[in-house]
> 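Here's a structure for you.
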2 protein chains.
Amino acid sequence: MIENTPIVRKLGAFVALSDPELSVLASLHKRRRTFVAGRDLVHQGQSDQAAYILASGWACSYKLLEDGQRQIVDFQIPGDFLGLRSVLLYVSDHSIEPVTDIEVTEIHVADLLDAFARTPRLATAFLWVASRDEAMVVEHLVDVGRRNAAERTAHFLLELGSRLALVGMGSREGYGCPLTQYHLADALGLSAVHVNRVLRQLRESGLVTFRDAHVEFHDYGRLADFANFDPEYLDHAGPVLA
Amino acid sequence: MIENTPIVRKLGAFVALSDPELSVLASLHKRRRTFVAGRDLVHQGQSDQAAYILASGWACSYKLLEDGQRQIVDFQIPGDFLGLRSVLLYVSDHSIEPVTDIEVTEIHVADLLDAFARTPRLATAFLWVASRDEAMVVEHLVDVGRRNAAERTAHFLLELGSRLALVGMGSREGYGCPLTQYHLADALGLSAVHVNRVLRQLRESGLVTFRDAHVEFHDYGRLADFANFDPEYLDHAGPVLA
DNA sequence: CGCCTAGTTGAGGTAAGTCAATTCACGTGG
DNA sequence: CCACGTGAATTGACTTACCTCAACTAGGCG
């Protein structure tokens, strides 16, 4: 039997993978590597030959503008891919920074494309993962484009919570969260100062507290309501492809 | 020989497709359908069985918020997919509105998944398309999160121009553009009034004119510079997968 | 002990929003 | 043929959400 890694769990949620497929998947995992917090693994413009699967810790993908501002596109938590898009498009359109010290397993492009050719259902599964990632970026875009700072922040914290809950790292009570207010600001398109004020406001309204690397939901229902958050949106019914 | 449809051109840019693969691809095209401007083809929350490839006209995908605001996620031009993500995730997380009257060809999920199983390289090609779409949403997110209204608008018009140029519908001189200022506002996370002011400013600075359904670049270089736009970013070197 | 990073708070400025009025092009029906 | 309605664009006056600058606190660590 193949080990129950986060990636197997994740793909398995969409495609019921057979044993041969599982072993091809397992064979993709090359070296295990570690990276320290704050030192980028991938730089914008770099041509990659490898993608990674995050085994432990948090990372973020972001784009830098010429004037030094940055926009964090997404945070990655255990089980997520790092740089899958970069590998497919051949050149990275973004950078990736470990938020904490992280452990990853490396995957080579050539192996990946080869695996697709031999086990097409795996390709379908990856297509599903890519769609799911895109859905998260889309939701993030809506946050930034059309919600005010407080709703945006609340919505974002809820969404992160949902994703963490899926891998057993969070609940409706809250979750551990290593991000700084600067990370949040760069993700939400706000200034760090304003994030601070908004967090205070959310805390004083008895909705959420984000403090000491911990997010605590005081009243999940009221918060979801305030942020206009649909708790179901990342849920799915089980393997779509039998 | 298989006909040279937009979708064949597009996938062919990434994967050198063989004749058998091309005929599988051609067999995916079901009914040809038309939709009139303004009447949604897909509604948020709907469970789809079909995706579409846009043959002519413009469409946009968007999300509605409960307070009635909307965020346009992306515009689709001929050769683009409509609702591919919805089909893979089984339920649509967004709506799709034809901006003009459009013609599409329908594709059924079942056929698509079947085609992946039989011609894995096709699955890889679709994965590439999905990655490319995601890259565009990411760039859009950066626009909205970290650029001011004028840069954002300029950048967006340039990006649209690049995409249109790839399918022969635009150049560095400009392009036909059926969008209203309301569309632009909903895409850029601005109010329509402000979009109007920004367009005037860009026009009076001699950078771009957007008027009478036409975008005219007065000074492409200076505009790209102003908007911090990398004209190469959607380019690619040719088939990545030989 | 002193520096560095993260967080906190206040004062004042500005980009963008809202509300409202006007124009223009277009189509439609009396 | 004109009156009317409707949707898009335009512009002005005023408001506001968020930003910038700046000062200060608290903890961690060499």
> B:Leu54 pairs by side chain to side chain contact (heavy atoms under 4.5 Å, CB included) with which of B:Val104, B:Ile96, B:Thr105?
B:Val104
> Please check the phosphate of D:dT10 (OP1 and OP2 only) for any side-chain N or O of B:Gln181 closer than 4.0 Å.
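Yes, within the criterion.
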> Under 4.0 Å between a side-chain N or O of B:Arg211 and OP1 or OP2 of C:dA25?
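Negative; the distance criterion is not met.
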> Before accepting this row, confirm whether a basic side-chain N of the pair A:Glu97/A:Arg70 lies closer than 4.0 Å to the acidic partner's carboxylate O.
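Looking at A:Arg70 together with A:Glu97, the answer is yes, because their closest N to O distance falls below 4.0 Å.
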> Among all residues two or more places apart in sequence or in another chain, which pass the ring pair (Phe, Tyr, Trp, His ring centres under 6.0 Å) test with B:His140?
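Expected list: B:Phe156.
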> Quick one: B:Gln201 CD to D:dA9 P, roughly how many Å, whole number?
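Whole-Å distance recorded here is 18 Å.
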> Can you run down the salt bridge (charged side-chain N to carboxylate O under 4.0 Å, His left out) pairs that involve residues 141-154 of chain A, sequence neighbours left out, and say none if there aren't any?
A:Glu139-A:Arg147, A:Asp143-A:Arg147, A:Arg146-B:Asp186
> Just to be sure I understand the geometry, which residues of residues 140-149 of chain B put a non-hydrogen atom under 4.0 Å away from DNA chain C?
B:Asn148, B:Ala149
> With sequence neighbours left out, what residues match B:Ser92 under side chain to side chain donor-acceptor pair (under 3.5 Å)?
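Counting only residues at least two positions away or on another chain, B:Ser92 forms a side chain to side chain donor-acceptor pair (under 3.5 Å) with B:Ser86.
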> Mind checking what makes salt bridge (Lys or Arg N to Asp or Glu O under 4.0 Å) contact with B:Arg31, not counting sequence neighbours?
B:Glu106
> Give the table of side-chain donor-acceptor pairs shorter than 3.5 Å for residues 72-83 of chain A, with sequence neighbours excluded, one pair per line with atom names and distance.
| from | atom 1 | to | atom 2 | distance (Å) |
| --- | --- | --- | --- | --- |
| A:Asp74 | OD1 | A:Arg163 | NH1 | 3.0 |
| A:Gln76 | NE2 | A:Ser61 | OG | 3.3 |
| A:Asp80 | OD1 | A:Lys10 | NZ | 2.8 |
| A:Asp80 | OD2 | A:Ile77 | N | 2.9 |
| A:Asp80 | OD2 | A:Arg163 | NH2 | 2.8 |

> With heavy atoms under 4.0 Å as the rule, sort B:Gly38 into base, sugar-phosphate or nothing.
nothing
> Would you mind building the protein contact string for nucleotides 25-30 of chain D? One character per nucleotide, 5' to 3', B for base within reach (heavy atoms under 4.0 Å), S for sugar-phosphate only, - for untouched.
------
> Write down the distance between CG (A:Leu190) and C1' (D:dT20), rounded to a whole number of angstrom.
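In whole Å, D:dT20 C1' lies 14 Å from A:Leu190 CG.
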> How long is the line joining CG of B:Leu188 and C1' of C:dA15, in whole Å?
15 Å
> Pairs under 3.5 angstrom only: tabulate donor-acceptor contacts from the side chains of residues 205-218 of chain B to other protein residues two or more places apart or in another chain.
| from | atom 1 | to | atom 2 | distance (Å) |
| --- | --- | --- | --- | --- |
| B:Ser205 | OG | B:Gln201 | O | 2.5 |
| B:Thr209 | OG1 | B:His218 | NE2 | 2.5 |

> Using the test side-chain contact (heavy atoms from CB on, under 4.5 Å), find all partners of A:Ala192 that sit at least two apart in sequence or belong to another chain.
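For A:Ala192, the residues satisfying side-chain contact (heavy atoms from CB on, under 4.5 Å) (neighbours in sequence not counted) are A:Tyr182, A:Ala185.
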> Can you measure A:Leu179 atom CG to C:dT5 atom C1' for me and round it to whole angstrom units?
16 Å
> What is the separation between atom NE2 on B:His214 and atom C1' on D:dA9, rounded to the nearest whole Å?
18 Å
> So, using salt bridge (Lys or Arg N to Asp or Glu O under 4.0 Å) as the criterion, who are the partners of B:Arg222 when residues are at least two apart?
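Partners of B:Arg222 by the salt bridge (Lys or Arg N to Asp or Glu O under 4.0 Å) criterion, ordered by chain and then number, come out as B:Asp219.
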> So which of residues 192-199 of chain A are in contact with DNA chain C, with a heavy-atom cut-off of under 4.0 Å?
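Of all residues in residues 192-199 of chain A, the ones placing a heavy atom under 4.0 Å from DNA chain C are A:Val193, A:Asn196, A:Arg197.
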> Heavy atoms under 4.0 Å, any strand shown: does B:Ser191 hit a base, just sugar-phosphate, or nothing?
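Base, at least one base atom sits under 4.0 Å.
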> Return the nearest nucleotide to the side chain of A:Tyr182; candidates are D:dA9, C:dA16, C:dA6.
C:dA6
> Of the nucleotides D:dG12, C:dA16, C:dT8, which has the atom closest to the B:Arg200 side chain?
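Of D:dG12, C:dA16, C:dT8, D:dG12 is nearest to the side chain of B:Arg200.
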> If the condition is salt bridge (Lys or Arg N to Asp or Glu O under 4.0 Å), which residues does B:Arg32 pass it with, not counting sequence neighbours?
B:Glu103
